[in-house]
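Below you'll find the structure, written out as structure tokens, and then a few comments.
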Amino acid sequence: MRGMFRIFAILVALLVCGSLAFAQQNFPTKPVRLLIPYAAGGAVDILGRTLGDELSKRWGQPVIIENRTGAGGTIASQVVAKSDPDGYTLVIVASGHSINPYLYQKLPYDTFKDFTPISLLGSSPNMMIVAASSPFKKVADVIAAARAKPGSLSYGQSGTGTSTHLAGELFKYMAKVDISTVSYKGGAPIINDLLGGHLPLSFNNIPESISQIKSGNLRALGVTTATRSAVLPDVPTIAESGVPGYDTAVWWGLLGPGGMPVDLAAKISKDCSAALNSPAVKQRLDNLGAAVIGTTPTEFDKYIRAEYQKWGPIIKAAGIKGS
């Protein structure tokens, strides 16, 4: 009798495993929900919608974009962390995801246990930008004004702990200037305030601001990486503009809920890499100054942990806290 029960249990297990494998192989069979933690029109939103459109074509199922802004991206991430690990609820996170544990004492999830890393999608420099009507023509002008009247300037950034926030704080630290920070829920609202004359300068991603720069409405004073951007080769780096050694960027990646089957995460990762490297997507992102990457889940997991270790001492030294 025990032998028969054991055989029955094995058969059931084989059927379950077989059905799961079949479901993963044929994923998706219904619409996929893709959360964006920042406002529409920002770099993460542009990337998410571009990638989502291509995946929809490849999967034959809609990829539904949902913007859930606030709290440094933790609101959207919490939704995904609490979702079923079936691949139908995903989130695109930015650099701030890996450092939120330093910023918020009580996160509603565990950054490492409650998510399944799927793919590091891409990266881009940030830029220091001003309105075209601004008296600041170069980074040195900002430094001079900030030193002449400490605390008189402010810069916009897309949320506490985001790459643009860290870019601003790193600039203040290395240039030895006192500039206050204004936090927004994404990059697009910052650009609106720059254009409206309500903000003297900001740090923004290239994808969300390049159209306004090329149209002449905004002026880029410097890029945050050690080398110039291929799409804006005439814009100097901040490092070559009076702040030697300055170098930072933004990255974006795709996560699912913790506990996703390894084969399912691998399939979505592979599909994302194919989508990112399709001619249409690659050209669009290249034109926006975003470098396509695409990694395995294991590689992305290692990257997130390395970023956590890298920025921890800097954040603690600067005393940056989440709001």
Side-chain angles (χ1 to χ4, degrees), residues 31-53 62-83 88-109 111 114-115 118 121-124 126-127 129 154-169 181-196 198-199 202-212 250-257 288 290 304 307 315 320-323:
V32 176
R33 184 184 180 200
L34 179 58
L35 275 73
I36 306 295
Y38 305 103
V44 184
D45 183 71
I46 294 171
L47 173 64
R49 292 178 188 277
T50 303
L51 177 63
D53 286 345
V63 174
I64 301 171
I65 305 297
E66 183 178 333
N67 296 86
R68 287 285 192 100
T69 64
T74 62
I75 293 175
S77 294
Q78 181 182 8
V79 173
V80 174
K82 306 302 181 185
S83 298
Y88 288 97
T89 304
L90 306 171
V91 62
I92 293 184
V93 297
S95 309
H97 175 79
S98 62
I99 63 171
N100 277 334
Y102 295 114
L103 306 178
Y104 300 92
Q105 291 185 347
K106 294 183 179 180
L107 280 175
Y109 52 75
T111 298
D114 291 339
F115 298 95
I118 295 175
L121 302 174
S123 67
S124 171
N126 288 315
M127 295 187 294
I129 58 179
S154 61
Y155 76 91
Q157 42 86 357
S158 57
T160 302
T162 60
S163 65
T164 54
H165 184 199
L166 295 178
E169 293 305 302
T181 178
V182 182
S183 183
Y184 290 77
K185 292 183 179 180
I190 300 174
I191 292 174
N192 290 335
D193 274 5
L194 278 175
L195 294 172
H198 308 302
L199 192 66
S202 73
F203 284 86
N204 280 77
N205 304 149
I206 289 181
E208 65 199 10
S209 52
I210 190 169
S211 63
Q212 295 287 356
V250 59
W251 57 261
W252 310 285
L254 186 68
L255 300 175
L288 291 172
I304 292 172
E307 285 286 286
I315 292 168
I320 301 173
K321 297 292 183 181
S323 56

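Considering CG of Leu195 and CD of Gln212, their distance stands at 5.0 Å, rounded to 0.5 Å. Atom CG of residue Asp114 and atom OH of residue Tyr109 lie 9.5 Å apart, to the nearest 0.5 angstrom. Rounded to the nearest 0.5 Å, atoms OG1 (Thr74) and NZ (Lys106) are 14.5 Å apart. For the atom pair CE (Met127) and CD1 (Ile206), the distance works out to 5.0 Å, reported to the nearest 0.5 Å. In this structure, the separation between CD1 on Ile92 and CG on Leu47 is 4.5 Å, given to the nearest 0.5 Å. Note that the CD1 atom of Ile65 and the CG atom of Leu34 stand 4.0 Å from one another [nearest 0.5 Å].
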#### Entry: side-chain contact (heavy atoms from CB on, under 4.5 Å) assessment of Ile129 paired with Tyr155
CA-CA 9 Å; Ile129 58 179; Tyr155 76 91; over 6 Å; no
### Task
For side-chain contact (heavy atoms from CB on, under 4.5 Å), just list the numbers for Asn205 and Ile46, CA-CA rounded to whole Å, side-chain angles, deciding distance to a tenth of an Å, and then say yes or no.
CA-CA 11 Å; Asn205 304 149; Ile46 294 171; over 6 Å; no
### Query
Is there a salt bridge (charged side-chain N to carboxylate O under 4.0 Å, His left out) between Arg49 and Asp53 once you walk through the steps?
CA-CA 6 Å; Arg49 292 178 188 277; Asp53 286 345; over 6 Å; no
### Query
Does the pair Ile99 and Glu307 meet the rule for a side-chain contact (heavy atoms from CB on, under 4.5 Å), with working shown?
CA-CA 8 Å; Ile99 63 171; Glu307 285 286 286; 5.8 Å; no
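The ring-ring contact (aromatic ring centres under 6.0 Å, His included) search around Tyr184 returns none, not counting sequence neighbours. The side chain to side chain donor-acceptor pair (under 3.5 Å) test applied to Thr50 returns Arg284, not counting sequence neighbours. Under the rule for a side chain to side chain donor-acceptor pair (under 3.5 Å), the partners of Ser163 that lie at least two apart in sequence or sit in another chain are Asn126. Residues passing the side chain to side chain donor-acceptor pair (under 3.5 Å) test with Ser158, sequence neighbours excluded: Thr162, Thr164. Residues forming a ring-ring contact (aromatic ring centres under 6.0 Å, His included) with His165 (at least two apart in sequence, or on another chain): none. With sequence neighbours excluded, the residues forming a side chain to side chain donor-acceptor pair (under 3.5 Å) with Thr181 are Gln157, listed by chain and number.
Exactly one of Tyr38, Trp251, Trp252 qualifies for a side-chain contact (heavy atoms from CB on, under 4.5 Å) with Val93. That residue is Trp251.
What you find for Ile190 and Ser202 is that their closest heavy atoms are CG2-CB, 3.4 Å. Among all heavy-atom pairs drawn from Leu90 and Gly256, the shortest one is CD2-CA, 3.9 Å. Nearest approach of Lys82 to Pro108, heavy atoms of both residues: NZ-O, 3.3 Å. Minimum heavy-atom separation, Leu107 to Tyr104: CD2-CB, 3.8 Å. Scanning both residues, Ala76 and Val91, for their nearest heavy atoms gives CB-CG2, 4.3 Å. The shortest non-hydrogen separation linking Ser154 to Leu199 is OG-CD1, 4.0 Å.
The side-chain heavy atoms of Asp193 and Val182, taken from C-beta on, include no pair separated by under 4.5 Å. Contact of the Val79 side chain with the Glu66 side chain is not registered, since no non-hydrogen atoms from C-beta on lie closer than 4.5 Å. When side chains are defined from C-beta on, Leu166 counts as touching Ile315, because their heavy atoms get closer than 4.5 Å.
A donor-acceptor pair under 3.5 Å is formed between the side chain of Asn100 and the backbone N or O of Gly72. For the pair Thr89 (side chain) and Val80 (backbone), a donor-acceptor distance under 3.5 Å is absent. Looking at Asn204, its side chain does come within 3.5 Å of a backbone N or O of Gly187 through a donor-acceptor pair. Between the side chain of Glu208 and the backbone N or O of Ala43 there is at least one donor-acceptor pair closer than 3.5 Å.
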